[in-house]
Student: 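Below: one structure in structure tokens.
On a predicted model such as this, the values are computed, not experimentally measured, just so you know.
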Amino acid sequence: MSESNTVTWIIGASSGVGASSALALAASGRVLALSGRRADALEEVRAKVEHQGGTAIVVPMDASDDDSTRQALDRVHAEAGAVAEIVFCAGMNVTKRHWDKLEIAEFQAVVETNLTSVARGITAVLPEMRSRGRGRVVVISSWAGWAFGRGAGVAYSASKTGLISLTESLNDQESAHGISATVICPGDIDTEFVDKRPTVPDAAARSRMLSPDDVARAVAFVVDSPAEVCVNELVISPVHSHSYGK
């Protein structure tokens, strides 16, 4: 359980792991700040959180934009208070994944969403975490960030690998201020995200994937760990992936 009125900011909360993480934390006593681009989807997640007895506010934002991120944080401060925990779940990929089809504009968009926006969000909340002497950062990376995945693509693999270095440096430099960072590297997850693959997995393949709830339980484990505990890295894979391949 969290301390009373702990504010947890979930970026990418409109669907997938972000939405499931909000529901996993709904009954924990936290105030959840739900951010993403789709306000209507965020409202649906808020309604589910409140149905479970939790408290949530909806703060639409574009994580790739400096002004939008700052304005969103200002709203979180005004409506909920200082951010004690931040969970980054937003991500994107493109269908043109290999070097022979790579478009630099798409590469930049993937890196901006998957990596730069996380650095932007962390930079925004670090001052208040430092001043309070505590803070928890959770970043959803990927199996493709932990180990090379041929099908993930150039931009996605590079950006998700970068998240591991980002969290390691945060622990190295900010642990003295009571701040800890965790990178979670899940294997295939059955979400709408996989619908954008060059070859969309069929029902049989999806049945062998993780669910968003599987990863959300890992998020809950991390943020519910004692303040003196840093869970540096978690790697999660579907059992069947070790038999069937990825």
Side-chain angles (χ1 to χ4, degrees), residues 11-12 16-18 20-21 87-104 106-119 121-122 136-172 180-202 204-223 225 229-246:
I11 297 176
V17 172
S20 288
S21 296
V87 182
F88 293 93
C89 302
M92 73 168 290
N93 205 348
V94 292
T95 56
K96 297 175 183 178
R97 301 184 175 191
H98 297 162
W99 282 107
D100 61 346
K101 294 183 174 64
L102 187 70
E103 295 185 4
I104 291 301
E106 290 189 341
F107 181 95
Q108 291 173 321
V110 172
V111 172
E112 175 61 50
T113 298
N114 294 353
L115 180 59
T116 308
S117 69
V118 176
I122 292 172
R136 185 92 70 179
V137 177
V138 182
V139 177
I140 305 300
S141 177
S142 169
W143 182 282
W146 180 73
F148 176 70
R150 182 174 290 109
V154 177
Y156 187 83
S157 294
S159 61
K160 291 297 188 176
T161 300
L163 291 174
I164 296 176
S165 294
L166 185 148
T167 53
E168 287 177 342
S169 65
L170 191 62
N171 284 325
D172 179 61
S180 67
T182 300
V183 61
I184 299 177
C185 300
D188 290 338
I189 310 171
D190 183 15
T191 68
E192 60 188 32
F193 196 73
V194 300
D195 293 332
K196 299 177 182 178
R197 290 183 177 179
T199 301
V200 178
D202 60 18
R206 286 177 180 268
S207 72
R208 298 192 294 266
M209 295 180 181
L210 297 170
S211 73
D213 291 345
D214 294 329
V215 184
R217 281 191 290 271
V219 172
F221 164 73
V222 170
V223 298
S225 295
V229 172
C230 176
V231 182
N232 298 66
E233 179 182 279
L234 279 175
V235 180
I236 308 168
S237 62
V239 171
H240 291 294
S241 70
H242 299 282
S243 298
Y244 292 90
K246 295 188 68 61

Student: Who pairs with D213 by side chain to side chain donor-acceptor pair (under 3.5 Å), at least two apart in sequence or on another chain?
Tutor: S20

Student: Does any non-hydrogen side-chain atom of L163 lie less than 4.5 Å from one of F88?
Tutor: no

Student: Could you go through D188 and W143, starting from their C-alpha distance and side-chain angles, then the distance that decides it, and tell me whether this counts as side-chain contact (heavy atoms from CB on, under 4.5 Å)?
Tutor: CA-CA 8 Å; D188 290 338; W143 182 282; over 6 Å; no

Student: Scan V235, I140, V215 and name whichever one has a side-chain contact (heavy atoms from CB on, under 4.5 Å) with C185.
Tutor: V235

Student: Keeping the roles fixed (side chain from T182, backbone from V231), state whether a donor-acceptor pair exists under 3.5 Å.
Tutor: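 It does hold such a pair.
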
Student: Suppose we screen for side chain to side chain donor-acceptor pair (under 3.5 Å). Which residues come up paired with S180, at least two apart in sequence or across chains?
Tutor: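 Only R136 meet the side chain to side chain donor-acceptor pair (under 3.5 Å) criterion with S180.
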
Student: Quick one: list whatever passes side chain to side chain contact (heavy atoms under 4.5 Å, CB included) with T113, sequence neighbours left out.
Tutor: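 Applying side chain to side chain contact (heavy atoms under 4.5 Å, CB included) to T113 gives M92.
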
Student: Listed by chain and number, what are the side chain to side chain donor-acceptor pair (under 3.5 Å) partners of S159, not counting sequence neighbours?
Tutor: N114

Student: Does any non-hydrogen side-chain atom of V94 lie less than 4.5 Å from one of F107?
Tutor: no

Student: Is it the case that the side chains of S211 and D214 hold a donor-acceptor pair, with the cut-off being a distance below 3.5 Å and no angle test?
Tutor: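 There is such a pair between these side chains.
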
Student: Let's go through I122 and L166 carefully: what are the C-alpha distance in whole Å and the side-chain angles of both, what is the deciding distance for side-chain contact (heavy atoms from CB on, under 4.5 Å) to 0.1 Å, and is it a yes or a no?
Tutor: CA-CA 10 Å; I122 292 172; L166 185 148; 3.3 Å; yes

Student: Check salt bridge (charged side-chain N to carboxylate O under 4.0 Å, His left out) between E112 and all other residues, then give those that pass, not counting sequence neighbours.
Tutor: R120

Student: From D172 CG over to S165 OG, what is the distance, rounded to the nearest 0.5 angstrom?
Tutor: 11.5 Å

Student: So, taking the atom named OG in S142 and the one named CD1 in I164, what distance separates them when rounded to the nearest 0.5 Å?
Tutor: 9.0 Å

Student: Could you check T167, N171, V183 and say which one makes a side-chain contact (heavy atoms from CB on, under 4.5 Å) with N232?
Tutor: N171

Student: Can you sort out the partners of E233 under side chain to side chain donor-acceptor pair (under 3.5 Å), two or more places apart, ordered by chain and number?
Tutor: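 For E233, the residues satisfying side chain to side chain donor-acceptor pair (under 3.5 Å) (neighbours in sequence not counted) are W146.
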
